[in-house]
Amino acid sequence: MSLVTLVISIFNAEFYAVVPSIPCSRLALIGKIIHPRQVIHSVVHAIMGMLVAWCTAVMTKGKFQFLAVSCTTSESLDDALPQMCLNEYHLFFLLSGAFMGYSYSLLYLINNMNYLPFPVIQQYKYLRFRRSLLLLIKHSCVESLYFVRNFCVAYYFFGYIPKVWISTTMNLHLDSELHPLDSLTGLLDISLFYHAWLCGVFLLITWYIAWLLFKIHATETHHFPVQPTFAEETDQCLPKILNSNPPLIIKFLALQDLMLLSQYSPVRRQEVFSLSQPGGHPHNWTAISRECLSLLSDLTQRLIAQQEAAAANGRVKQPAGELKVSPQTPGAVVREDMAFQSPRSNIIPRASMSSLVKPSLTPLKTLSGSDVGSPLSSPSLNCKMGILGVNSPWHVSVQSPQVTRRGPKLWTSDSDLQMNGSHQKSSPVVSAARVGSEVVQPRFIYTWLQNKQEQIKNFLAKRVLIMYFFSKHPEASIQAVFSDAQMHIWALEGLSHLVAASFTEDQFGVVQTTLPAILNTLLTLQEVVDRYFKLPHVSSKPPRISGSLVDTSYKTLRFALRASLKTALYRITTVFGEHLNAVQVSTEHKKRLQQFLEYKE
Amino acid sequence: LCSCPPPHPKWKQVTLGHIPPPFPTLLLAPHHGRSWGEDTGRRPRFPSCHLSLLPGSATIPSLKHRLQRNVAAMAWKPLCASILAVACQSCVLVWHLDPTSLSTRPSSGCAQVLSYPGHSPVTSLAWAPSGELLLSASPVDTTMLVWDVSTENCVQLQWFGGGGVTYLAWSPDGSKVLAATPSAVFRVWEAQMWTCEWWPTMKGRCQTGCWSPDGSRLLFTVLGESVIYSLSFSEYRGEMQGQVGGSKTASIVADLSETTFETLYGEERVGGEAHSMVWDPTGERLAVIIRGNVAPWLCCNCSFFLFSSSGFLRGECGAQPQLIAFHPSFKKGALLTVVSWLDSMLFEVFSSPDGSGIL
């Protein structure tokens with residue numbers, strides 16, 4: 001038993017993740033399930049389940065104890081030795097243990113139980129454990145019931161396979177006197193059901209407690225020193241950790257510590273605002289603020305890229321010279337698409353817009369070789385024209401026939417974007433470098449390949465079954481964008497609390513020099529987040545299930561991010577008040593700050 | 001509206017239009033100076049009150065929701081202009097209002113429903129001063145809920161003994177929470193590691209309480225006694241302390257028993273039990289409603305209290321003050337708003353910076 005617990009704990013520790021991996025499409029989910037890592041996880045859990053079931057069976061004694069028992073009647077008349085028959089109850093138990101282990105592993109994967117949610121409020125570990133214990137027991141009982149029910153069904157249909165296999169390999173006979181268990185009369189045995197359920201409860205409780213304890217200990221706050229007192233501590237101090245690239249859990253813990261110190265610890269705040277000796281440089285503050293601001297700008301860029309992709313997915317690309325106005329995706333961000341107005345067409349089928357923030361950016365893809373490419377592009381485009389609306393369940397309801405010609409993918413995940421982003425980045429670079437040059441051939445092949453790929457994709461898109469697996473779930477895609485938003489929430493809180501505290505505590509004025517950058521980043525992020533929330537599906541909350549052991553807080557991280565962003569801005573404006581007018585920010589940002597000061601946001 | 005202080009100590013009375021009684025809840029929107037009130041009927045109405053400092057809006061929004069029954073408490077979210085939490089019979093409704101909108105009926109889609117099985121009726125709410133957490137409590141539930149409103153996650157804080165929570169007050173520095181129970185025990189939680197200490201009272205339950213702005217002192221009153229007690233707490237220092245740090249006993253700082261005063265208009269009997277208390281954000285003034293009179297007391301923020309009554313406020317004959325609140329960020333001293341029931345009058349009292357006048 002202790003071996004089992006040890007193995008389970010090792011698996012917990014190996015598989016944990018602070019950022020949940022959210023499969024965006026059904027195929028991704030299936031891929032996750034059949035990934036070798038997950039297969040190992042399931043197999044090991046099944047074996048562990050069988051071990052636990054064996055332990056409990058042995059402990060119960062009675063009819064479950066042995067795999068082989070002597071048969072009730074002896075078939076042969078003159079056989080002195082009693083024959084050994086298969087004890088089906090024992091086999092049932094072992095298999096139910098294996099099944100439960102496997103189901104636990106599957107649910108672990110699907111419910112993202114390897115995700116470590118950080119607690120809303122800090123509490124002592126024992127209190128956290130005690131609080132969750134009752135819920136855990138209740139949940140285990142109910143889940144065990146479901147598992148036993150499912151297993152009974154499975155055994156009814158497939159029980160004969162292991163039975164026959166075991167009896168032939170171990171040379172046991174099947175007892176003909178007793179009812180075979182893989183029949184209705186056999187399975188309707190209350191005592192069997194009860195024992196199996198009890199075994200399941202025991203198994204689940206021990207495994208869940210191991211998981212809970214791991215979660216509580218892993219998300220415990222860790223105290224990182226801001227100013228190292230000893231030389232060997234230099235690697236552990238907060239600014240250094242934030243600036244290097246530590247494993248994600250360390251970064252999370254560091255940011256959580258930053259958030260706590262900014263609110264509760266005047267002593268450590270002083271260390272943050274201190275100057276180095278000699279030299280008088282505010283290293284600590286610079287490191288911390290730089291890291292937080294880079295995290296936030298990262299997020300801003302990511303959201304902008306997502307919006308571009310979402311807006312572009314509804315467009316059909318124009319051939320050269322033709323001016324077809326494609327309708328806007330309803331609800332999507334309205335963008336002046338330069339590709340439509342410019343006479344040169346954009347061969348690359350993906351987004352050609354570079355930024356949504358400044359409408360005046362010129363298109364980067366002024367391809368000189370577009371005329372060469374266009375004979376090839378027109379067949380692909382013609383092919384695209386012929387695509388009718390695919391009955392993908394994720395389409396926004398169409399209002400005009402032109403909209404049906406939209407490509408099926410309204411939502412893309414990050415991996416798609418990276419692929420396309422690299423195309424976008426490479427092609428403007430390519431076009432910018434080669435404008436005026438006569439080197440057209442490599443680009444020709446490249447664009448031809450792209451077109452073929454697009455053709456195949458569009459052809460497959462017409463197959464409903466393929467779309468069923470490939471179509472991206474918008475809610476899941478949105479959650480995937482914000483899956484590591486907890487970092488940003490803490491960065492926002494930590495930064496804003498430090499800035500607010502600096503109004504009274506900062507003796508050397510280290511914060512004031514970075515105030516414009518901070519305000520710019522926060523206001524830009526707020527703009528982008530507000531615009532992102534106007535996209536379809538983003539502002540709808542997923543249904544909340546209260547009282548469940550499984551933590552689904554990662555699904556609503558975007559709302560927490562938006563709220564904490566606003567609170568952070570209000571915190572800074574409330575503390576500084578009218579003094580903010582002296583800070584150097586752009587005029588539009590000044591206007592927005594004024595709105596915050598007047599509580600009009 | 002005029003904002004100049006009256007020449008002699010008689011306060012100016014302002015009529016604002018018909019506000020249907022009863023009128024149990026008042027709170028001041030942070031920094032707006034807008035007042036909102038509601039009645040316990042099914043249709044909360046929110047008249048807006050114009051203060052001279054900030055131009056108020058001309059629209060009077062009214063918030064309706066099918067779950068909004070038996071509203072017992074409301075609280076604006078700090079550091080925010082648009083979020084209002086309403087404690088209802090079966091849940092907590094969190095309204096997201098647009099401060100610049102002109103609509104008079106925000107749709108019920110703007111309201112977020114926070115409910116938890118067994119947690120009803122919800123009678124008290126308290127927002128954390130840093131704006132992230134909302135506490136909700138019910139007198140029949142021993143569990144206090146700490147909500148993270150945007151993700152709708154809640155953490156249950158359970159403490160047996162006392163039976164429910166009747167009154168919540170969060171200290172302005174965000175470090176401690178007072179939770180009064182229906183029995184003769186009240187608890188103070190510290191808001192970092194969420195541990196608590198409890199104090200028994202001698203006679204009855206803790207009726208009301210308020211914190212000093214730095215969280216070091218708690219003033220509270222007990223049902224059935226007409227005194228104000230004070231409990232001091234050790235200075236909040238560092239993190240991961242997990243200690244409330246309250247002193248062992250509370251001391252009496254003010255005696256509100258009935259006395260008779262000679263005034264220009266004859267003898268006046270004032271005194272009695274304190275109904276509710278508020279402490280202004282600068283820590284200089286304390287206002288107490290005593291069974292029908294509003295008595296502003298002057299207190300200094302020193303290591304020992306110097307209480308001196310700077311006067312009493314009296315309404316019209318028969319007017320009963322129900323709600324008092326200080327303006328959260330009045331720059332010229334303190335501005336106290338009193339809501340009384342008497343033919344829909346809303347009285348306001350102004351204070352001049354040098355302390356003259358009524359307050």
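These values consider heavy atoms only, across backbone and side chains, with no hydrogens, waters or symmetry-generated copies. Note on naming: letters A, B, ... go to the chains in the order of the sequence lines (proteins, then strands), and numbering restarts at 1 for each one.
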Interface check, chain B: of A:Val120, A:Leu569, A:Thr573, A:Leu127, most non-hydrogen pairs under 4.5 Å belong to A:Val120
B:Leu79 side, atom CG; A:Ser564 side, atom OG - distance, nearest 0.5 Å: 12.5 Å
Gap separating the OG1 atom of A:Thr567 from the NZ atom of B:Lys77, nearest 0.5 angstrom: 4.0 Å
Point-to-point distance, once rounded to the nearest 0.5 Å, from OG1 of B:Thr151 to CZ of A:Phe559: 10.5 Å
Thinking salt bridges, do B:Glu132 and A:Lys566 make one under a 4.0 Å N-O criterion? no
Do the side chains of B:Trp194 and A:Gln122 get nearer than 4.5 Å, heavy atoms only? no
Looking only at heavy atoms and a cut-off of under 4.5 Å, which of A:Arg269, A:Arg128, A:Glu493 has the most pairs with chain B? A:Glu493
Test your reading of the model: is there a side-chain donor-acceptor pair from A:Arg131 to the backbone of B:Leu157, 3.5 Å cut-off? no
Taking the side chain as every heavy atom from C-beta outward, state whether A:Arg558 and B:Ser150 have any atom pair closer than 4.5 Å. no
For residues A:His497 and B:Ser130, report the shortest heavy-atom separation together with the two atoms involved. NE2-CB, 4.0 Å
Using a cut-off of under 4.5 Å for heavy-atom pairs, which of B:Val155, B:Asn153, B:Ile83, B:Val146 has the most such pairs with chain A? B:Val155
